[in-house]
2 protein chains.
Amino acid sequence: MYTFTEENYLKAIHFLSQGSEKGATTNAIAERLETKAASVSDMLKKLSDKDLLIYKKYQGVKLTAKGKEIAIKTVRKHRLWEVFLVDKLGFGWEEVHEVAEQLEHIQSVKLTDRLDSYLGNPKYDPHGDPIPDDAGNFPKRTETTLEECEINSEVIIRGVKDTSPEFLRYLEKLGIGLGAKLMVEEKEEFDGSMRVKINSTSDTSLSAAVCTNLFVKQL
Amino acid sequence: MYTFTEENYLKAIHFLSQGSEKGATTNAIAERLETKAASVSDMLKKLSDKDLLIYKKYQGVKLTAKGKEIAIKTVRKHRLWEVFLVDKLGFGWEEVHEVAEQLEHIQSVKLTDRLDSYLGNPKYDPHGDPIPDDAGNFPKRTETTLEECEINSEVIIRGVKDTSPEFLRYLEKLGIGLGAKLMVEEKEEFDGSMRVKINSTSDTSLSAAVCTNLFVKQL
DNA sequence: TTTAATATTTAGGTTTGCCTAAAAAATAAT
DNA sequence: ATTATTTTTTAGGCAAACCTAAATATTAAA
Ligand SMILES: [Mn+2]
Ligand SMILES: [Mn+2]
Ligand SMILES: [Mn+2]
Ligand SMILES: [Mn+2]
């Protein structure tokens with residue numbers, strides 16, 4: 001029905017529109033898809049002709065209902081496959097994104113739905129991102145990052161904002177995964193770093209770059 | 001590494017070269033891939049430039065070692081995914097081919113190998129076709145078809161030559177699946193049809209079209 | 001407000017994979 | 001051995017998705 005490229009564009013635009021009212025800009029889309037702005041302009045025209053998004057020159061773009069639906073279905077598939085790779089095939093959470101980028105384009109509603117129930121209808125993917133159900137509904141994240149937490153607060157890791165293999169491997173090395181318990185012991189004004197106790201054992205300093213990319217739930 | 005199209009061409013040529021010494025012809029490839037002969041000529045030139053096959057104008061084509069390797073790896077993925085869909089997700093054997101045609105192009109050696117062991121290193125796919133191991137080795141079929149069997153011989157269904165949904169659904173209706181036991185009771189010279197007893201119960205007449213498409217093992 | 005910087009679009013071109021129509025080669029029939 | 005038929009290739013073109021370079025809009029700075 002839709003090409004890989006179209007689905008990737010819609011997914012990128014959906015992501016970039018989260019929160020912001022103005023929609024996604026050409027440059028932002030180009031950067032996210034690792035392509036050039038000129039190519040994006042081309043594609044926006046085509047997607048607009050297919051009524052998947054609203055495009056007025058020099059303004060940003062916003063997805064139509066149809067465009068949004070396709071984007072969310074693709075996200076659903078992506079995250080379900082990530083769960084499959086981790087839960088069933090024993091992949092690490094830093095290895096799954098690349099493969100899921102391919103698997104998310106497989107077209108078979110039956111496959112997606114069967115996979116969903118085979119996995120036990122998971123609500124979150126290995127990075128803590130919510131998985132849309134077959135109707136496209138899924139919860140908005142409670143966007144608290146570790147950075148925002150006060151001294152002496154205890155938190156549970158619920159997700160990662162940056163899902164790059166580099167970041168995930170570093171977290172692995174620190175012993176920080178989904179569900180890990182963190183105790184904020186000190187906040188350094190100078191560089192935004194935080195001293196935390198991980199799972200009641202090791203004591204570590206986390207840079208601001210790390211703290212801003214960890215979603216947590218206050219205990 | 002290789003495009004979907006390239007993999008599909010190599011797979012088709014590999015299939016068409018089974019048995020025949022002369023390699024695959026342009027028209028045969030076009031028919032199998034549901035494309036036009038002119039397009040095939042185009043592509044053969046490109047694949048030849050990439051040393052994936054040997055192409056001399058107006059002669060047929062034969063895969064090089066490299067081309068054969070890619071073809072077999074694609075077949076391996078295709079058949080493993082078919083097993084996954086049937087064994088784990090409960091698909092019918094007539095539904096899996098179409099989806100496997102997409103999944104076979106996912107590029108991740110780790111995924112393929114993990115899937116293989118997750119499935120218990122199956123030797124045959126849901127249609128009885130042998131699955132290449134990770135080195136590309138797999139047994140040649142013992143190509144006995146039901147048609148060749150004598151009266152009073154007892155056989156076990158081991159595979160299907162035609163894997164179209166139409167044929168598979170018809171077999172399903174007849175109660176014939178992999179492992180079914182057939183007893184040849186009569187052979188009709190006139191139209192090549194055979195009267196058989198299926199699993200020691202029902203008595204049915206199978207047309208020649210059915211008999212030539214069933215691989216069996218003599219008991 | 002005029003100028004400078006940045007963002008976006010247009011123009012023109014490439015590659016991949018496909019098509020139809022026409023030419024050429026190979027094979028079959030007379 | 002010609003002639004007819006079939007198979008295959010070539011020629012010319014098209015759509016998707018990308019590119020660079022140049023033009024135009026928008027936004028920020030002076
Ligand atoms: Mn991912
Ligand atoms: Mn994820
Ligand atoms: Mn198949
Ligand atoms: Mn099969």
Side-chain angles (χ1 to χ4, degrees), chain A residues 1-17 20-63 66-67 70-71 74 101-102 104-105 107, chain B residues 1-14 16-17 20-63 67 70-71 74 101-102 104-105 107:
Chain A
M1 199 68 176
Y2 297 96
T3 66
F4 283 29
T5 306
E6 287 171 332
E7 288 184 341
N8 284 335
Y9 268 88
L10 295 173
K11 203 159 58 99
I13 295 164
H14 174 72
F15 175 85
L16 294 168
S17 304
S20 89
E21 264 308 310
K22 299 191 57 192
T25 68
T26 302
N27 268 353
I29 298 166
E31 186 178 15
R32 191 164 169 86
L33 295 177
E34 294 179 274
T35 182
K36 296 298 157 70
S39 309
V40 173
S41 280
D42 264 8
M43 184 61 69
L44 292 183
K45 247 170 284 167
K46 293 176 193 165
L47 293 174
S48 176
D49 289 344
K50 295 183 179 179
D51 291 312
L52 296 172
L53 49 80
I54 306 298
Y55 173 53
K56 276 177 296 213
K57 281 186 203 169
Y58 294 101
Q59 323 289 113
V61 286
K62 290 177 77 172
L63 297 181
K66 185 67 192 159
I70 296 164
T74 309
E101 278 298 317
Q102 299 177 61
E104 71 188 359
H105 302 295
Q107 279 163 350
Chain B
M1 200 67 176
Y2 298 95
T3 66
F4 284 29
T5 308
E6 288 171 332
E7 289 184 341
N8 284 335
Y9 268 87
L10 295 173
K11 203 159 59 100
I13 294 164
H14 173 72
L16 294 169
S17 304
S20 89
E21 266 307 312
K22 297 192 58 191
T25 68
T26 302
N27 268 354
I29 297 166
E31 186 178 15
R32 192 164 169 84
L33 295 177
E34 294 180 274
T35 182
K36 295 299 156 70
S39 308
V40 173
S41 280
D42 265 6
M43 185 60 70
L44 293 183
K45 247 172 281 168
K46 293 176 192 165
L47 293 174
S48 176
D49 288 345
K50 295 183 180 179
D51 291 314
L52 296 172
L53 49 78
I54 305 298
Y55 173 52
K56 274 175 298 208
K57 281 186 203 169
Y58 295 102
Q59 324 288 110
V61 286
K62 289 176 78 172
L63 297 181
I70 297 163
T74 308
E101 278 298 317
Q102 300 178 61
E104 71 187 359
H105 303 294
Q107 279 162 350

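Below, read A as the first sequence line, B as the second, and so on, with proteins coming before strands; counting in each chain starts at 1.
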Please determine if a side-chain N or O atom of [X] lies less than 4.0 Å away from the OP1 or OP2 oxygen of [N].
X: B:Tyr55; N: D:dT9; value: yes
X: A:Thr5; N: D:dA16; value: no
X: B:Thr35; N: C:dG17; value: no
X: A:Ser39; N: D:dC18; value: no
X: B:Asn27; N: D:dT6; value: no
X: B:Thr3; N: C:dT16; value: no
X: A:Lys36; N: D:dT20; value: yes

State, with a plain yes or no, whether a side-chain heavy atom of [X] is found less than 4.5 Å away from one of [Y].
X: B:Ile13; Y: B:Val61; value: yes
X: A:Lys62; Y: A:Glu21; value: yes
X: A:Tyr2; Y: A:Leu52; value: yes
X: A:Tyr55; Y: A:Leu47; value: no

Give the rounded distance in Å between these two atoms: [atom1] of [X] and [atom2] of [N].
X: A:Lys22; N: D:dT27; atom1: NZ; atom2: P; result: 7 Å
X: B:Leu44; N: D:dT10; atom1: CG; atom2: P; result: 11 Å
X: A:Lys46; N: C:dT9; atom1: NZ; atom2: P; result: 14 Å
X: A:Glu6; N: D:dA16; atom1: CD; atom2: C1'; result: 9 Å
X: B:Asp42; N: C:dT16; atom1: CG; atom2: C1'; result: 10 Å
X: B:Ile29; N: D:dT9; atom1: CD1; atom2: C1'; result: 14 Å
X: A:Leu52; N: D:dA16; atom1: CG; atom2: P; result: 13 Å
X: B:Glu31; N: D:dT8; atom1: CD; atom2: P; result: 11 Å

- Message: Assuming nearest nucleotide by heavy-atom distance, tell me which of B:Ala38 and B:Met43 is located more 5' along DNA chain C.
- Response: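 The residue mapped nearer the 5' terminus is B:Met43.
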
- Query: How do A:Lys57 and A:Tyr9 order along DNA chain D: which one's closest nucleotide is nearer the 5' end?
  - Reply: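 It is A:Tyr9, whose closest nucleotide lies nearer the 5' terminus.
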
- Nucleotide nearest A:Ser41 when distance is taken to its side chain, options C:dT10, C:dC19, D:dT8: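 For the A:Ser41 side chain, the nearest candidate turns out to be C:dT10.
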
- So which nucleotide from C:dC19, C:dT16, C:dT9 ends up closest to the side chain of A:Ala37?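 Per side-chain heavy atoms of A:Ala37, the pick is C:dT9.
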
- For the residue pair A:Leu10 and A:Ile70, what are the closest heavy atoms and their distance?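 Distance-wise, the nearest heavy atoms are CD1-CG2, 3.7 Å.
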
- Reckon A:Lys56 touches a base, only the sugar-phosphate, or nothing at all at heavy-atom distances under 4.0 Å?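 Answer is nothing: A:Lys56 stays at 4.0 Å or more from every strand.
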
